[in-house]
Amino acid sequence: MGRLVSVGLMGMALALLGERFLALRNRLKATGEVESVDLPNCHLIKGIEAGAEDIDILPNGLAFFSVGLKYPGLHSFAPDKPGGILMMDLKEEKPRALELRISRGFDLASFNPHGISTFIDDDDTVYLFVVNHPEFKNTVEIFKFQEEENSLLHLKTIRHELLPSVNDIVAIGPRHFYATNDHYFSDPFLKYLETYVNLHWANVVYYSPNEVKVVADGFDSANGINISPDKKYLYVADILAHEIHVLEKHPNMNLTQIKVLQLDTLVDNVSIDPSSGDIWIGCHPNGQKLFVYDPNNPPSSEVLRVQNILSEKPLVTTVYANNGSVLQGSSVAAVHDGKLLIGTLYHRALYCEL
């Protein structure tokens with residue numbers, strides 16, 4: 001009798017594991033393919049060979065790139081080289097990507113930048129917020145951008161127990177931000193288990209020097225985050241649920257979900273066109289290819305544009321799509337004055353004129 005019970009329990013466990021495995025493949029869209037959508041005026045950006053995971057553009061056309069991300073389970077074309085921040089002036093006729101110098105005292109050797117966000121203070125000071133994973137830990141670094149010197153002055157490193165697995169960030173003040181945790185746990189094995197079991201424990205955290213709190217939770221894997229031009233709404237990408245969440249921001253900085261937009265792709269970073277309010281998203285049509293890298297069958301790229309997301313029927317357009325022959329693993333798409341920049345997790349970056 002005891003053996004029968006043991007066999008039955010083992011069978012149930014195997015069935016559960018099998019069901020979870022199939023569910024994970026569906027969340028990763030492991031069979032996803034993409035039909036090419038080309039843009040006529042594009043070229044690869046020289047100097048970006050190992051990923052530009054996130055991009056943020058100032059109103060004056062200065063674009064910042066977070067490059068060289070190393071992340072557990074992800075391929076890297078430059079595994080022994082630290083990451084950095086590049087800048088490109090989109091007002092130039094032939095803009096080039098230049099690496100910004102970082103002030104002494106900051107640990108450049110372990111710099112592993114992920115999501116980024118800029119904030120312009122009332123006195124026109126530009127702050128750059130960077131999610132950093134030194135030795136695969138989690139910090140938020142705050143820099144002051146010194147344009148005359150093409151450099152970043154490091155101001156502060158932030159660590160907090162409510163920021164165990166930070167992915168992306170949106171700055172709303174010189175020391176204030178919202179950040180996404182793509183996992184509840186920080187331990188790599190527990191992260192994997194959390195994803196496999198599909199716990200939906202990922203969240204959004206508000207940080208200020210005086211208060212740190214979880215303001216939204218229940219995400220499969222909270223990824224990109226950004227804010228509307230009128231500062232009333234936050235947009236959060238849940239990458240494995242293939243969703244964009246629209247959250248209303250309240251005076252106490254709490255968030256209330258008002259809408260979820262379901263999409264048929266893995267949504268990564270979220271950028272906002274400040275002139276129109278349109279949402280631009282770097283996407284992964286097949287997430288499994290990101291983690292099981294095959295140079296003969298590389299991850300594809302996709303850029304979506306969402307117009308009028310607050311309306312009953314938002315307009316979703318595929319602006320760019322490639323099977324990996326040009327661009328592998330698109331993670332972000334940012335626009336400024338008719339120019340489009342597309343970054344990737346660990347590959348190249350694309351500059352297009354729309």
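Note: hydrogens, waters and symmetry copies are ignored here, and every other heavy atom, side chains too, is used.
Taking the ring centroids of Y235 and H245, they lie at or beyond the 6.0 Å cut-off. You'll find the ring centres of H176 and F119 outside the 6.0 Å limit.
Residues passing the side-chain hydrogen bond (donor to acceptor under 3.5 Å, both in side chains) test with D268 are H284, sequence neighbours excluded. Considering only residues two or more places apart in sequence or on other chains, Y178 meets the ring pair (Phe, Tyr, Trp, His ring centres under 6.0 Å) condition with Y206. For the side-chain hydrogen bond (donor to acceptor under 3.5 Å, both in side chains) test, residues two or more places apart in sequence or in another chain that qualify with Q146 are S151. Contacts of H200 classified as side-chain hydrogen bond (donor to acceptor under 3.5 Å, both in side chains), with partners at least two apart in sequence or in another chain: N198.
Cluster partners of I45, using a side-chain heavy-atom cutoff of under 4.5 Å among ILVMFWY residues and allowing indirect links, are I48, I55, I57, F65, V67, L86, M88, L90, V332, L341, Y351. When hydrophobic residues (I, L, V, M, F, W, Y) are linked wherever their side-chain heavy atoms come within less than 4.5 Å, the members clustered with I102 are L58, L62, F64, I85, M87, L100, F106, L108, F111, I116, I120, V126, L128, V130, F143, F145, L152.
A donor-acceptor contact closer than 3.5 angstrom is absent between the side chains of N323 and S300. Remark: the E141 side chain and the T139 side chain contain an N/O donor-acceptor pair separated by less than 3.5 Å. Y346 and Q328 share no side-chain donor-acceptor pair at under 3.5 Å. Between the side chains of H183 and S186, not a single donor N or O lies within less than 3.5 Å of an accepting N or O. At a cut-off of 3.5 Å, with distance as the only test, a side-chain donor of S275 or D273 sits close to an acceptor on the other residue. A donor atom on one side chain and an acceptor atom on the other are not found under 3.5 Å apart for N181 and S165. E135 and S110 are not linked by any side-chain donor-acceptor pair at a separation below 3.5 angstrom, with hydrogens and angles left out of the test. Side-chain N/O atoms of D182 and N167 include a donor and acceptor closer than 3.5 Å.
Classification of D264 and K29 as a salt-bridged pair holds, one side-chain N sitting under 4.0 Å from a carboxylate O. A salt bridge links E211 with K213: the distance from a Lys NZ or Arg NE/NH1/NH2 to an Asp or Glu carboxylate oxygen falls below 4.0 Å. Of the charged side-chain nitrogens involved, at least one lies within less than 4.0 Å of a carboxylate oxygen, so that R348 and E49 count as a salt-bridged pair. Salt-bridge formation is not detected for the pair K289/D294: no Lys NZ or Arg NE/NH1/NH2 atom is positioned less than 4.0 Å from an Asp or Glu carboxylate oxygen.
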### Message
Determine whether Y233 and L310 satisfy the following criterion, side chain to side chain contact (heavy atoms under 4.5 Å, CB included), listing intermediate values before the conclusion.
### Response
CA-CA 10 Å; Y233 304 99; L310 295 175; 3.7 Å; yes

### Stepwise side chain to side chain contact (heavy atoms under 4.5 Å, CB included) test for L263 and V316
CA-CA 9 Å; L263 297 166; V316 180; 3.9 Å; yes

### Message
Using side chain to side chain contact (heavy atoms under 4.5 Å, CB included), reason through L255 and K249 one step at a time and then give a plain yes or no.
### Response
CA-CA 5 Å; L255 303 176; K249 183 168 74 72; 4.0 Å; yes

### Message
side chain to side chain contact (heavy atoms under 4.5 Å, CB included) for H133 and N138? Distances and angles first, verdict last.
### Response
CA-CA 5 Å; H133 303 294; N138 292 270; 3.3 Å; yes

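In this structure, the side chains of R159 and V140 stay at 4.5 Å or more apart for every pair of heavy atoms. Taking 4.5 Å as the limit, some side-chain heavy atom of L24 sits within range of a side-chain heavy atom of Y196. Contact annotation: the side chain of T317 never approaches that of L304 to less than 4.5 Å [non-hydrogen atoms, C-beta and beyond]. Side-chain contact between P314 and K259 is present, with at least one heavy-atom pair separated by less than 4.5 Å. V303 is not listed as a side-chain neighbour of I281, based on a closest heavy-atom distance of 4.5 Å or more.
With hydrogens and angles ignored, the 3.5 Å screen pairs a side-chain donor or acceptor of H242 with a backbone N or O of R27. Of the possible polar contacts, one joining the S330 side chain to the C283 backbone as a donor-acceptor pair under 3.5 Å is found. Between the side chain of S301 and the backbone N or O of G329 there is at least one donor-acceptor pair closer than 3.5 Å. In this structure a side-chain-to-backbone donor-acceptor pair under 3.5 Å is missing from H250 to N252. Between the side chain of T195 and the backbone N or O of K191 there is at least one donor-acceptor pair closer than 3.5 Å. Panel note: side chain N269, backbone E53; a donor-acceptor pair is recorded below 3.5 Å. Looking at D121, its side chain never comes within 3.5 Å of a backbone N or O of T125 through a donor-acceptor pair. Side-chain atoms of R96 do not come within 3.5 Å of backbone N or O of D89 as any donor-acceptor pair.
Closest approach of V212 and Y207 over heavy atoms only: CG2-CD1, 3.4 Å. Taking all atoms of both residues into account, the shortest heavy-atom contact from G277 to P229 is CA-CG, 3.9 Å.
Heavy-atom neighbours of K91 NZ from other residues, nucleotides or ligands within 6.0 Å: above the threshold of 12.
Using a 30° and 60° split on the angle between ring planes, W201 and Y184 fall in the perpendicular class, above 60°.
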